[in-house]
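Heads up: the structure comes next, in structure tokens.
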Amino acid sequence: MVQSEERKLEEHVEGRVTARSDELPEETTAAAAPEELHKLLNNGNAHETTDNNSKDAQARIKAKLKREKSEQDRLMTEEINKLLHDMPLEKNVTCGFWIFRGDFFQRFANQTAYVLLYGIVGCIFSMTYAYFNGTITTIEKRFKIPSKNTGIISVGNDISQTLVSAVLAYYAGKGHRPRWIGFGLLTIVVFCLMTTSPHFLYGPGEDALALTKEFGALPDENATLEAIEEQRSKTLCRLTGGGAECEVGEGNFAPQVLLFVAQFISGIGGSLYYTLGVSYMDDNTKKSKTPALLSLSYFLRMLGPAIGYALASFCLRLYIAPQLHPVINNKDPRWLGAWWLGWLVMGGLLSCSGIFLSMFPKELPRAAARRMVEEKRRRERHSLKQKESTEKEQLTADLETRAEQSTAEPQASFKDMLVTFKRLTTNKTYMCNTLSNIFYLIGYTPFWIFTPKYIEVQYKQSAATSSMVTGTVALAFSAIGVLLSGFIISRYKPKARYMAAWNVICAVLVVAGVVTYAFIGCPDNERSVIVNIHNSAVNDSVTCNSACACDYVRYSPVCGENNMTYISACHAGCKMEHVRSDGRKVFYDCSCIPGARNSTFNRLTALDLANEANSRDPTGKALDTSSSMAYLELLAAGQATPGACPVNCWTQFVAFLSVMCFLKFIGAAGRASNFLVSVRCVPEKDKTAAMGFGMMLCSMFAFIPGPIFFGWIFDRMCLVWGKTCTNKGNCWLYDPESMRYTLNFTAAIFISLGAVFDFGVWYYVKDLKIFDEEIKEVEMQIVQHEEEVNAEKNTEI
């Protein structure tokens, strides 16, 4: 009896699944077999759930279905390969243009070549932003551009993306996408050339030319030291006046306009690259391979910032006019590096790669062949249904045919664009996902832009260490996260709801990590700074530094012998400086530092001043120590050394670094799943427009206001402001404790709002199909088959 039931079950599965698999394309068969097996095995277990023989029969059925699936995959691949070999080379699948056509170029018309080239282009493109950030200080110095104007220049690309990304994505998405991407990369090349053009229009500058042999400057080894000493001496307390001077005036306005226009143009190219490039990749690959390929392109793009900063470091070591011979070295504060050189390198790389990328066909040949095979099988299946179907099935087939006809893309028009955008705004899943991205981007803003500054302020790490941590360690964990998640999704093909749930989990973990940041502080750092700024407009009382003219002295901290950090030697009331024989500098006669006689502080002695004639007064003149010993009274006051007092924040820094690496990994692990949900929740014809529309919203509500909002928060945390002749300048010193709580809790609130909308995505995404195996047509057939099986069982009973 058991054997007969096993045989009946096995024959039933063989007959039904094989008959169905002959009618379906490769991807649909892969989905039908496991689902149908699941239904039938449940029905078999209803008879004898504990029978071992029944379990063995089920195992044999699973093995047979697996073999059948492999056979169907093989047949599908053979049919595609045969079609590729036999079909004529049509225009829409031909690689190259003009004389650059032929078999040599056609061999690169495949998804592997496209993904690698697309990722390399993204790497070079992201290099441009890192290079701009790495050279902006030199550009400011050369053209005398205020920092506030630099901030306006840097958001030019976000403004253009807000204005044109949605419209460009709609129209370009209906055309030849690789050609449009090539046009976008051409605009980025124009951006590179326009950014470097101020150097060729205005030259290196008179100040830089005056420091070269060709323009009459004489090599003087002491010139650099004198320039450095003159700059440093302005940080001393000057009782006779003549302190540090304020910065007056702004440079030529024309270079600033050129730089802003260049950034604006780069936003156009960036929107075309990001929206069209990813949609082209998704349309020309099997849906199951998209996550892995997408992760690979993300990984290549992540390498760009590190390479961009390295290129900036190399170029700035060269003099701004490389053909000339400067009489100073790059340690001199007057040194200007060749900031313009890297733009030519990146522009050349982008122009070459842009030409190659635009040579890809409108549709990759293999993708076209797969589409033709699927259409052929769909027509055969429809013809078979017309012959054998009942009236109800005939009606269903007619409805499917009408649905396929209705999905044909209309011609691009302004009216259809408005209809498309309206369709997107009424798509609940898409809007929840887009709003989630907006809140995430706002919440992540301080960690993308201000992380090096945050590390310097909170844990007193050097700028080099801060940049190394954010540029290498964090990059490594982000790369691991994005690659691992992409390959796992491609391997296991989770359903949309599982991926949406993973995004919610990632959001919760990120919120927990950001809140943890708020409690990783360094108490020694927060209690080690003395802020003693004298404001004569508010308080006329005499203080220890009220006569020192420190208003325009830059922030250059010194460590007093009382183990407290002062804003500068001037603010500490130090009137003299001495350079020891080993090159270390000591400030003395400091009226604001008590002579604590700290045993750990290496104080200057009368013998040091008598033996080493390296002491200077605030005017930069050497102190005369030969006339008398009266200067000994100068040593009675406090003393200080350059630099902030050392504080032990290493343990807290390691804890912060551990949490940051975890958050980088988690954040990157959710990128692939978030993208898949965003492009699958809209109709296929709206995919590119949806990406452009989403970029427009993100630029409008996140990329532009985010830095402004968190910059305002940083300003609120400022304890000491610099001054200019007309206004206050940059912040010198922040309140570490207030920054730690305010910044992280604010970011956590925005990310929490993003998590709420992620939960909305999870709720609405329950019927969404991510991969080809999950198409709705297959599910309808499986349901019909289950009804037939149940009817047969009822008949037997």
Side-chain angles (χ1 to χ4, degrees), residues 124-160 188 191-202 204-205 207-208 247 250-267 270 304-320 330 333-347 445-446 448-454 456 463-464 466-468 470-471 554-555 703-704 706-708 710-711 714-715 722 724 729-731:
I124 302 172
F125 188 25
S126 56
M127 281 174 57
T128 61
Y129 292 106
Y131 187 84
F132 181 80
N133 292 332
T135 58
I136 190 60
T137 303
T138 302
I139 296 175
E140 290 176 349
K141 188 188 300 184
R142 164 62 186 91
F143 297 104
K144 298 180 175 60
I145 303 175
S147 296
K148 62 179 181 180
N149 291 11
T150 305
I152 297 174
I153 292 171
S154 62
V155 299
N157 64 316
D158 295 318
I159 295 174
S160 63
I188 300 174
F191 151 66
C192 294
L193 296 179
M194 288 190 66
T195 303
T196 195
S197 63
H199 172 76
F200 295 99
L201 292 176
Y202 299 97
D207 295 339
E247 298 179 359
E250 297 182 3
N252 193 342
F253 192 66
Q256 302 178 43
V257 174
L258 281 174
L259 294 174
F260 176 81
V261 173
Q263 287 286 336
F264 187 90
I265 291 175
S266 75
I307 301 175
Y309 281 116
L311 180 62
S313 176
F314 171 78
C315 291
L316 292 180
R317 293 177 186 272
L318 304 175
Y319 197 57
I320 190 171
N330 57 11
R334 297 168 294 176
W335 176 273
L336 291 177
W339 62 270
W340 53 271
L341 186 60
W343 293 110
L344 299 179
V345 175
M346 292 182 293
T445 295
W448 285 334
I449 300 177
F450 304 114
T451 294
K453 179 184 288 188
Y454 184 89
E456 292 178 43
S466 303
S467 299
M468 183 272 295
T470 55
R554 293 181 176 272
Y555 177 66
F703 291 137
I704 294 177
I708 296 174
F710 279 100
F714 263 87
D715 290 347
T724 64
N730 296 327
C731 182

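These numbers were taken from a predicted model, which means no experiment stands behind them.
- Closest approach of Gly304 and Met127 over heavy atoms only: O-CG, 3.2 Å.
- Ring-plane geometry between Phe200 and Trp340 is classed as perpendicular, the angle between the planes exceeding 60 degrees on a 0 to 90 degree scale with a lower cut at 30.
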Candidate pair Leu344 and Leu193, rule side chain to side chain contact (heavy atoms under 4.5 Å, CB included), full reasoning: CA-CA 7 Å; Leu344 299 179; Leu193 296 179; 4.3 Å; yes
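- Rounding to the nearest 0.5 Å places CD of Gln263 at 8.0 Å from OG1 of Thr128.
- Remark: Tyr319 pairs with no residue by the side-chain hydrogen bond (donor to acceptor under 3.5 Å, both in side chains) rule, at least two apart or across chains.
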Intermediate values then yes/no, side chain to side chain contact (heavy atoms under 4.5 Å, CB included), Tyr309 and Asn133: CA-CA 8 Å; Tyr309 281 116; Asn133 292 332; 3.8 Å; yes
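- Partners of Asp158 by side-chain hydrogen bond (donor to acceptor under 3.5 Å, both in side chains), not counting sequence neighbours: none found.
- Rounding to the nearest 0.5 Å gives a distance of 5.5 Å between CD1 of Ile145 and CG of Leu259.
- Remark: the backbone N or O of Gly337 is not paired with any side-chain donor or acceptor of Arg317 at under 3.5 angstrom.
- Summarising the geometry of Phe143 relative to Pro255, their closest heavy-atom pair is CD2-CG, 3.8 Å, with the distance given to 0.1 Å.
- Remark: Phe191 CZ to Thr196 OG1 distance equals 11.0 Å, nearest 0.5 Å.
- The nearest pair of heavy atoms linking Ile159 to Phe264 is CG2-CE1, 4.0 Å.
- The nearest pair of heavy atoms linking Ala262 to Thr195 is CB-OG1, 3.5 Å.
- Contact check for Ile124 versus Ile188: no side-chain heavy atoms found under the 4.5 Å cut-off.
- In this structure, NZ on Lys141 lies 12.5 Å from CD1 on Ile136, to the nearest 0.5 angstrom.
- Counting only distance, with no hydrogens or angles, the side chain of Trp335 and the backbone of Leu316 share a donor-acceptor pair below 3.5 Å.
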Criterion side chain to side chain contact (heavy atoms under 4.5 Å, CB included) on Gln256 and Ile152, from CA distance to verdict: CA-CA 10 Å; Gln256 302 178 43; Ile152 297 174; over 6 Å; no
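- The two residues Leu336 and Ala208 have their closest heavy-atom pair at CD1-CB, 4.2 Å.
- Ser197 contributes a side-chain N or O that, together with a main-chain N or O of Met194, makes up a donor-acceptor pair within less than 3.5 Å.
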Trp339/Ile320 under side chain to side chain contact (heavy atoms under 4.5 Å, CB included): CA gap, chis, key distance, verdict: CA-CA 7 Å; Trp339 62 270; Ile320 190 171; 3.8 Å; yes
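- Of all the heavy atoms in Ser154 and Phe132, the pair that sits closest is CB-CE2, 4.3 Å.
- Atoms CG and CD1, from Leu258 and Ile153 in turn, are 10.0 Å apart once rounded to the nearest 0.5 Å.
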